[in-house]
Asks: 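Just dropping this structure here.
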Amino acid sequence: MDDLIIAGEKFSSRLIMGTGGAPSLEVLDQALAASGTELTTVAMRRLDPGSRGSVLDVLRRRDIKVLPNTAGCFTAGEAVLTARLAREALGTNWVKLEVIADERTLLPDPIETFDAAERLVADGFVVLPYIGDDPALARRLEQAGCAAVMPLGAPIGSGLGIRNPHSIELIVEAASVPVILDAGIGTASDAALAMELGCDAVLLATAVTRAQRPDLMAAAMKGAVAAGRLARQAGRIPRRRYAEASSPTSP
Amino acid sequence: MIVTINGAAHEVADGTTVAQAVQTLTSATTGVAVAVNDEVVTRSAWETTALGDSDRVEVLTAVQGG
């Protein structure tokens, strides 16, 4: 598979894993290994002196690049502070910008997200914003200097797949930064579809970490992303209303 | 004076530094970031930044998520 390039950095895997939802660090470690991911999200939270083991140790051992997110932020101000804390703690200027509108849907707030994106780009961050499947917002964020755009397929953790493939195609058509399908993936065919629609990568967590066999599902997602990418590059046949014989029609 | 560290009130001596506040939670100095009153205090300034009365100290690290 050809390399994924984000902000000049190359990745040979087009599957980006989140670390949320795994029942233990051991299960997470096995799933990350099976997924082949080279870029993985973490969240920033208050340090708990009682917690044992760190997700950072797992990522370090696997040599996986860490992508901090701003999950849990409701305003641009909170997101900017969280990104700056992540940069300080983790030594990376990359951030998955996530500013949610409400707890029930966890849908991204477009206005706060755009505001935060502008401030973070100005502060030297490599910004990967999580957004709705909105082609106009995706274009504006690219113009604002974001390194990628990450439209959702469906709400976070819903496993509903890609609810609006047409919008994802419109985003892909117009974008000159990578488009990463983020959120909503339920199973391997969803990940393959994202790549067939022309997305450059897929970001998922719950579909793997809360599967009955996370390591198996991680391997399935790895295969699906690779297959979808190849199918996109191969160029699918047009859909037709009636049959077209593939064998000669005359004897 | 009273400062708040990760949401809990602490009675600390005048002149207590950010580094000392962090040490109440962890001996780690990497993978950790600190904000005082919503402003980041860089690692290099922990030892020299003294806290004031009613300061809010947040000590964060990376956890599973996203």
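From a predicted model like this one, the values you see are computed outputs, not experimental measurements. Quick note on labels: first sequence line is chain A, next is B, and so on, each numbered from 1.
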Asks: With chain A as the partner, which of B:Val34, B:Asp38, B:Thr30 has the greatest number of non-hydrogen pairs under 4.5 Å?
Replies: B:Asp38
Asks: Any non-hydrogen side-chain atom of A:Leu128 less than 4.5 Å from a side-chain atom of A:Val95?
Replies: no
Asks: Is A:Asp123 reaching over with its side chain to a backbone N or O of A:Arg119, donor-acceptor style, under 3.5 angstrom?
Replies: no
Asks: I'd like to verify something: which residue of A:Ile156, A:Val66, A:Asn69 has the highest number of heavy-atom pairs under 4.5 Å with chain B?
Replies: A:Asn69
Asks: Determine which residues belonging to residues 48-66 of chain B lie within contact range of chain A, meaning some heavy atom pair is under 4.5 Å apart, and list them by number or answer 'none'.
Replies: B:Glu58, B:Val59, B:Leu60, B:Thr61, B:Ala62, B:Val63, B:Gln64, B:Gly65, B:Gly66
Asks: Under 4.0 Å between a side-chain nitrogen and a carboxylate oxygen: does that hold for A:Glu9 and A:Lys65?
Replies: yes
Asks: Is it the case that the side chain of B:Thr16 and the backbone of B:Val12 share a donor-acceptor pair, with hydrogens and angles ignored and the cut-off at 3.5 Å?
Replies: no
Asks: Tabulate, in ascending numerical order, the residues of residues 20-27 of chain B having at least one heavy atom closer than 4.5 Å to a heavy atom of chain A, or enter 'none'.
Replies: B:Leu25, B:Thr26
Asks: Taking the basic N atoms (NZ, or NE/NH1/NH2) and the acidic carboxylate oxygens, is any pair closer than 4.0 Å for A:Arg46 and A:Asp48?
Replies: no
Asks: Measure the spacing between CG of A:Leu59 and CG of A:Leu90 and express it to the nearest 0.5 Å.
Replies: 9.5 Å
Asks: Give a yes or no on whether the backbone of A:Asp200 and the side-chain of A:Arg14 come within a donor-acceptor separation of less than 3.5 Å.
Replies: yes
Asks: Could you check whether any side-chain N or O of B:Thr4 sits under 3.5 Å from a backbone N or O of B:Ala9, counting only pairs where one atom can act as donor and the other as acceptor?
Replies: no
Asks: Can you find a side-chain donor-acceptor pair between A:Thr70 and A:Glu78 that sits under 3.5 Å?
Replies: no
Asks: Can you tell me if A:Asp102 and A:Thr105 form a side-chain donor-acceptor pair at under 3.5 Å?
Replies: yes
